[in-house]
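Below, each value reflects all heavy atoms present in this structure, side chains not excepted, and no hydrogens, waters or symmetry copies. Letters go in sequence order (proteins before strands), and every chain restarts at 1.
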Protein chains: 2
Amino acid sequence: MESEHLEILAMIVEKGGLTEGAEALHKSQPSVSRTISLLEQRVGAALFEPGRRPLRPTELGASLARLGSRIHALNTEARQLVERYRKGQAGRLRIGGTPIFMDGVMAAMIAEFQNHHQDVHFEQSYGYLETLVTQLRNGTLDLAILPLHPSQIPQDMEFISLLTGRNVIACRSGHPLTRKGMITLADIEPFPWIAPPADSPLYRDLQRALVSIGVEDFRVNFSGGTFASIASVLAGSDSLTVLPYSVVFQTRKMTQLEALPLKIEHPNRQLGLLVPKEQAAAPALAHFKTFIAAQCSNLEARIQHEQQVTRRRG
Amino acid sequence: MESEHLEILAMIVEKGGLTEGAEALHKSQPSVSRTISLLEQRVGAALFEPGRRPLRPTELGASLARLGSRIHALNTEARQLVERYRKGQAGRLRIGGTPIFMDGVMAAMIAEFQNHHQDVHFEQSYGYLETLVTQLRNGTLDLAILPLHPSQIPQDMEFISLLTGRNVIACRSGHPLTRKGMITLADIEPFPWIAPPADSPLYRDLQRALVSIGVEDFRVNFSGGTFASIASVLAGSDSLTVLPYSVVFQTRKMTQLEALPLKIEHPNRQLGLLVPKEQAAAPALAHFKTFIAAQCSNLEARIQHEQQVTRRRG
DNA sequence: GGCGTTATATTACTTTGCGTTATGAAAATG
DNA sequence: CATTTTCATAACGCAAAGTAATATAACGCC
């Protein structure tokens, strides 16, 4: 017994006649007539009362029609799912990236994206360049978010630059150092440092940044945590750390952080979005890419604007 | 998008491969392979990760497979329904008959039948010869239960005789008359009568029976009710009425009734089962017919047996 | 009851798609 | 790197579904 036939039966019963049913199914009347004949033959019993003009189903016919109707509903659901998937309104995006930036900037943007695309399901994970590229290649990840130097972009990948990778020294708002105009090496010296995970690019950034401003020896009193723990420790102490400015800017209200007005060496990298150069990417991915690009462009503009204001004031 | 294809997809995902899936579906591997290709083409997206040997579904493929699996479950349900219908274990039987006999004898037998055929649904109604035959003819009834004289059997109907239509005078057990050996006309005279609905054959039976034993004028103190109300009134008073003996016999424990040992004229009729001479009757009907015939034959035997015992004693 | 209208069944024929076997290609396995 | 396993493709026959044209049956209406 074919599901298709049950659906046809259901439509005929619903519409109350072969002719109307055939019309609703965009088929000819003889076609559905024969389908019913075939079905009756296979079932071995009449599905419609014989010799009745307003074609009325038998009990068995009505029961089968109910099942057919439920099958049809599921089929419709499948069609709608495909439709939404095609439009990028449904599906699954597996996104991986460097922990601090994912937590500090992307999470909020993903939330905003889901306000417009409710049925897109995100699977977020963390990682650095090598693992991310591997995962992108073997298809366990749909896109990666990470800081990258142009020379590091793999041949088989597309990199969309989102934000300049500028780092800053971050501290709690109200930190003693924020009250000073010019900050010297000696001013910084007393405060302990929070370090990101030792295998992260940000950790190397921290080292190089401190070297660049002359700090040779620094005391680390917290390391290895995620952004949430770093932010908490930072907000509850006078510790310092190095963070992407975008992260500080985006989360400063919630985390009570601010950036010290101290130029530190920043690596020549761009925070951006890495995806395989595939043709068969999930439709939702395209939407997400343009959405994130727009959000980050907006964020960059707000950062620029604030810097101009600060410069004028200072 | 065809439900059939979704079912195939579901099976492949469930079994974890084209080969196993094809086997489970009793099809060849190339066949299901092409079905999936076609489905992917129509959907416009990959349903399985490309270039993977233990064929793994994509997110979309898995979602569609879940729907396909539910469709398959419904299809299976439909097949099982048909199967049970064929075996007479499912379906609907619309049964109509004369009220007293339906309530007094048939209802208990239907209950017993349903112990063996749980999914057979009964729609019971009441009526007399004319309406019943009409309903059988226009297909709003599957079978009728009624008393019938052989000459009354319509040409296009089959009549299965179940019980002799013998009537008795019924009263509550413990009624004053039950203590007498021989009952005379004068004994009966003081008691009021309960009459069945005036349009019922039983009402005419009552009249003729009383005339036959010489009662010319009788007092009716209750009429028109169903068997339940007749039985209640009978049990709660010293009234008399005329009932088929099978009804009294079958329900005497529950209703506290008994029959007076008084021969009354009984019409030359058989209580039986009337069905149209159709070829396409519901399979459950055949089962029901033989079941009821057996039950009634059994009932008749028990009645016969009791009569012999009573005769010997008296 | 005969008659027109309407709905369904039937017929004849074409096309589509599903089934098969045989065979090739690609990925995993050792 | 060879072997095995698993999937994709090709070629072809057949069942079934599509069509238009037409016959037939049920219903309603004088």
Side-chain angles (χ1 to χ4, degrees), chain A residues 1-43 45-58 61 65 68 71-72 75 134 137-140 278 280, chain B residues 1-43 45-58 61 65 68 71-72 75 134 137-140 278 280:
Chain A
M1 193 153 52
E2 294 184 29
S3 305
E4 206 78 11
H5 293 178
L6 293 176
E7 290 181 67
I8 291 173
L9 172 65
M11 185 59 84
I12 290 169
V13 169
E14 188 192 325
K15 296 293 176 185
L18 279 190
T19 312
E20 298 97 312
E23 197 171 343
L25 291 163
H26 305 293
K27 295 180 196 288
S28 66
Q29 174 268 319
S31 178
V32 296
S33 172
R34 203 169 24 147
T35 299
I36 295 300
S37 300
L38 184 67
L39 191 56
E40 283 184 327
Q41 193 177 310
R42 291 188 184 172
V43 165
L47 300 177
F48 290 93
E49 310 273 0
R52 285 284 163 140
R53 194 41 67 159
L55 211 56
R56 242 195 6 224
T58 61
I71 288 177
H72 186 70
N75 194 315
T134 306
R137 286 218 178 92
N138 72 16
T140 55
E278 276 178 27
Chain B
M1 193 152 55
E2 295 184 28
S3 305
E4 207 77 12
H5 294 177
L6 293 177
E7 291 180 66
I8 291 173
L9 173 65
M11 186 58 84
I12 290 169
V13 168
E14 188 192 324
K15 296 292 177 186
L18 278 188
T19 314
E20 298 98 313
E23 197 171 342
L25 291 162
H26 306 294
K27 294 178 197 287
S28 66
Q29 172 268 319
S31 178
V32 296
S33 173
R34 203 177 21 165
T35 299
I36 295 300
S37 300
L38 184 66
L39 190 57
E40 283 184 327
Q41 195 176 309
R42 291 189 184 171
V43 164
L47 300 176
F48 290 93
E49 309 274 0
R52 286 283 166 139
R53 198 40 69 159
L55 212 55
R56 248 203 352 235
T58 60
I71 289 177
H72 186 70
N75 193 316
T134 306
R137 286 222 177 88
N138 71 17
T140 54
E278 277 178 25

S.K.: Nearest 0.5 Å please: distance from the CG atom of B/L18 over to the CD1 atom of B/I36.
M.R.: 7.0 Å
S.K.: Could you work out which one of D/dA8, D/dG18, D/dA11 sits closest to the side chain of A/S31?
M.R.: D/dG18
S.K.: Just how far, in rounded Å, is C1' of D/dA8 from CG of B/L47?
M.R.: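 In whole Å, D/dA8 C1' lies 15 Å from B/L47 CG.
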S.K.: Name the closest nucleotide to the A/Q29 side chain, picking from D/dC7, C/dT8, C/dG19.
M.R.: C/dT8
S.K.: So if I take every side-chain heavy atom of A/E20 and compare against D/dC7, C/dT8, C/dT11, which nucleotide ends up nearest?
M.R.: C/dT8
S.K.: Look at all strands and tell whether A/R42 reaches a base, only sugar-phosphate, or nothing, counting heavy atoms closer than 4.0 Å.
M.R.: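 Sugar-phosphate only.
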S.K.: Between B/L38 and B/P30, which residue's closest nucleotide on DNA chain C lies nearer the 5′ terminus?
M.R.: B/L38
S.K.: Taking atom P of D/dC7 as reference, at what distance in whole Å does atom CD of B/E49 sit?
M.R.: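 Value for this atom pair: 14 Å.
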S.K.: Is it the case that the side chain of A/E40 and the backbone of A/L47 share a donor-acceptor pair, with hydrogens and angles ignored and the cut-off at 3.5 Å?
M.R.: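 Yes.
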S.K.: Taking CG from B/L9 and P from D/dC7, how many angstroms apart are they, rounded to a whole number?
M.R.: 14 Å
S.K.: Nearest-Å distance, CD (B/Q41) to C1' (C/dG17)?
M.R.: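 Going from CD in B/Q41 over to C1' in C/dG17 covers 13 Å.
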S.K.: Could you tell me the separation between the CZ atom of A/R56 and the C1' atom of C/dA7, rounded to a whole number of Å?
M.R.: 16 Å
S.K.: For the OG1 atom of A/T35 and the CD1 atom of A/I12, what is their distance to the nearest 0.5 Å?
M.R.: 7.5 Å
S.K.: Mind calculating the distance between CG (B/L18) and P (D/dA8) to the nearest angstrom?
M.R.: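 Taking atom P of D/dA8 as the reference, CG of B/L18 is at 5 Å.
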S.K.: Crowded around A/E23 CD? As in, over 12 foreign heavy atoms under 6.0 Å?
M.R.: no
S.K.: Does any N or O in the side chain of A/T58 come within less than 3.5 Å of the main-chain N or O of A/A46, such that one atom is a donor and the other an acceptor?
M.R.: yes
S.K.: Looking only at the side chain of A/T19 (C-beta and beyond, no hydrogens), which of the listed nucleotides D/dA16, D/dA8, C/dA7 gets closest?
M.R.: C/dA7
S.K.: Measure from the side chain of B/L55, starting at C-beta and using heavy atoms only, and say which of D/dC7, C/dT10, D/dT19 lies closest.
M.R.: D/dC7
S.K.: Rounded to whole angstroms, how far apart are CD1 on A/I36 and C1' on D/dA17?
M.R.: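 Distance, rounded to whole Å: 14 Å.
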S.K.: What nucleotide among D/dA17, C/dC18, D/dA8 has an atom nearest to a side-chain atom of A/E2?
M.R.: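 When the side chain of A/E2 is considered, D/dA17 is the closest of D/dA17, C/dC18, D/dA8.
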S.K.: Expressed in angstrom and rounded to an integer, what is the separation of A/E4 atom CD from D/dA15 atom C1'?
M.R.: 16 Å
S.K.: Kindly say whether, by distance alone, the side chain of B/R34 makes a donor-acceptor pair under 3.5 Å with the base of C/dG17?
M.R.: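 Between C/dG17 and B/R34, which were checked side chain against base, a qualifying N/O pair under 3.5 Å is absent.
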S.K.: Using a cut-off of strictly less than 4.0 Å, decide whether B/S28 has a side-chain nitrogen or oxygen near OP1 or OP2 of C/dG19.
M.R.: no
S.K.: Considering only D/dA8, C/dG19, C/dT10, which nucleotide approaches the side chain of B/T35 most closely?
M.R.: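 When the side chain of B/T35 is considered, C/dG19 is the closest of D/dA8, C/dG19, C/dT10.
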S.K.: Counting just side-chain N and O atoms, does A/H5 come under 4.0 Å of either OP1 or OP2 of D/dA17?
M.R.: yes
